[in-house]
Number of protein chains: 2
Amino acid sequence: MDNTETKIIDAARRVFVAKGLDGARMQEIADEAGINKALLHYYFRSKQKLFDAIFEEAFQQFIPTMGATIASGKNPQEIITIFIDAYFRVLEQNPFLPQFVIGELNRDPSRLATFMAEKIGLTSLVDKAMSLFQNEGFNLKNPQQFMISLISMIIFPFVAKPILHHIIFKGDQLLVDQFFAERKSYVTTSALQLLASSLNENN
Amino acid sequence: MDNTETKIIDAARRVFVAKGLDGARMQEIADEAGINKALLHYYFRSKQKLFDAIFEEAFQQFIPTMGATIASGKNPQEIITIFIDAYFRVLEQNPFLPQFVIGELNRDPSRLATFMAEKIGLTSLVDKAMSLFQNEGFNLKNPQQFMISLISMIIFPFVAKPILHHIIFKGDQLLVDQFFAERKSYVTTSALQLLASSLNENN
DNA sequence: AACAATTTTAACTACTTAGTTAAACTTTTT
DNA sequence: AAAAAGTTTAACTAAGTAGTTAAAATTGTT
């Protein structure tokens with residue numbers, strides 16, 4: 001699978017993720033792919049088309065696909081645990097994914113409108129997640145606030161890694177590693193505690 | 001206070017925050033300031049120097065200054081409440097601040113190293129905050145995990161606003177506004193619940 | 001009015017970058 | 001071996017951009 005197109009995609013992903021659309025250079029992508037600029041333009045007619053391919057792929061990875069799990073009939077606590085576990089796996093293998101997707105979406109939010117037009121399944125997934133916390137046997141007052149707190153606690157540390165590294169952990173890489181190693185279990189415990197607290201209040 | 005230098009700073013802040021260092025154009029900053037490019041370069045010799053001025057200012061705003069509050073002798077619950085309230089005020093008035101600072105720091109993390117060399121007060125502030133949760137009468141097991149959860153819940157929604165807007169709230173601006181209006185009190189409640197839960201476990 | 005400070009105009013330089021082109025070269029397929 | 005597909009070389013175009021310059025015009029000051 002290391003044909004030229006794959007090499008280009010891999011190189012483009014690295015460069016775009018590291019430098020963004022504006023900061024990336026076609027020459028650098030070519031160098032990174034071990035080819036020349038002419039061939040790069042032969043495979044992808046323009047920088048924009050290449051970027052679009054990379055961004056779409058990144059966006060798909062970034063948006064959790066939890067349809068099967070939600071439909072599995074498990075209870076909310078189990079689903080939350082599974083969700084956190086699965087999402088952390090994605091982020092641990094693609095630590096720069098959130099900053100890339102979020103950064104580019106902030107630079108050009110119109111990109112999202114285009115995506116939403118295509119993907120109808122996305123919003124319905126959110127609906128299902130919400131109804132998970134608000135049904136006959138389960139009545140969470142602020143399911144959206146809760147869900148956004150959850151994804152905040154998961155994603156934000158990956159986005160703010162330079163700040164954690166230098167300011168909170170004072171440049172100590174070991175502390176940073178330890179923090180991320182413990183993060184998944186900490187967030188899981190916190191989420192379940194928040195859920196329990198919110199439900200108690202409703203009684 | 002609408003002399004030329006101020007007009008330039010204001011314009012540069014708008015353009016840099018919206019488009020980043022790479023995406024910003026000196027011509028656009030000049031237009032935005034209502035002056036011409038020659039005068040812009042007369043006041044700020046280079047794009048980099050202008051950007052540095054804007055970024056330093058933004059960074060100072062972004063990093064919470066809570067020294068006085070922490071030293072006030074109030075208990076952790078009170079300080080957390082004050083912190084959330086104060087930080088939300090900053091972000092509500094500068095909603096794009098986090099994405100700007102974090103985005104530029106991810107693009108060039110070496111910028112932080114420079115800052116840290118100058119500002120010694122910063123790390124000591126973190127120390128004080130930590131000792132707030134770990135002392136004779138108070139023993140929180142994971143003060144760093146807790147603090148990072150707290151700032152995640154506060155900051156992340158501002159960074160991920162396009163995603164909230166389009167995916168979670170399906171483009172409904174009213175729902176987005178409602179979410180942000182309720183966010184401060186929700187996060188405060190959550191933070192205090194997490195704190196209480198963590199302390200109970202230690203007994 | 002005269003002078004000084006500020007700002008504009010407009011052209012310019014130097015450099016970077018995306019994208020193109022055509023011919024030569026190399027590898028793979030038949 | 002011949003043909004086809006893939007790749008390189010190297011030069012080029014066109015456009016954009018940061019930054020400069022000098023003279024003219026405007027505004028503020030004495």
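Order of the sequence lines fixes the chain letters, A, B, ..., with proteins taken first and strands second; residue numbering starts at 1 for each chain.
At whole-Å resolution of the value, CG in B:Asp22 and P in D:dG16 are 18 Å apart. Following rounding to the nearest Å, A:Tyr43 (OH) and C:dG19 (P) show an atom-to-atom distance of 18 Å. A straight line from CZ of A:Phe44 to P of C:dG19 spans 13 Å, rounded to a whole angstrom. Atom CD1 in B:Ile8 sits roughly 14 Å away from atom C1' in C:dT8 (whole-Å rounding). One can place CG of B:Leu39 at 16 Å from C1' of D:dA18, the figure rounded to the nearest angstrom. Distance NZ (B:Lys47) to C1' (D:dG19): 12 Å, rounded to an integer number of Å. Rounded to an integer number of Å, the gap from B:Leu50 CG to D:dG19 P is 10 Å. Rounded to whole angstrom, the span from the NE2 atom of B:His41 across to the P atom of D:dG19 amounts to 4 Å.
The closest donor-acceptor contact from the side chain of A:Asn106 to the backbone of B:Val159 lies under 3.5 Å.
Within the nucleic acid shown, A:Ala30 has no heavy atom closer than 4.0 Å to any nucleic acid atom.
Ring geometry for B:Phe133 versus B:Phe138: interplanar angle of 30 to 60°, hence tilted.
Note on A:Glu92 versus A:Lys184: no salt bridge recorded, every NZ/NE/NH1/NH2 to OD/OE distance being 4.0 Å or above.
One donor-acceptor pair, N or O on each side, does fall under 3.5 Å between the base of C:dG19 and the side chain of A:Lys37.
Of the two residues near DNA chain C, A:Arg25 and B:Asn36, the one whose nearest nucleotide lies more 5' is B:Asn36.
Taking only side-chain atoms of A:Tyr42, from C-beta outward, the nucleotide of D:dG6, D:dG19, C:dT9 with the closest atom is D:dG6. Taking the side chain of B:Met26 as heavy atoms from C-beta on, and the options D:dT9, C:dT9, D:dG19, the nearest nucleotide is D:dG19.
Taking only side-chain nitrogens and oxygens, B:Thr4 comes nearer than 4.0 Å to OP1 or OP2 of C:dT7.
Atom CG of A:Leu195 and atom CG of A:Leu150 lie 10.0 Å apart (nearest 0.5 Å).
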Inset, instruction - Would you check, one step at a time, whether the test salt bridge (charged side-chain N to carboxylate O under 4.0 Å, His left out) holds for A:Arg14 with A:Asp10? - result: CA-CA 6 Å; A:Arg14 284 195 293 275; A:Asp10 289 344; 5.5 Å; no
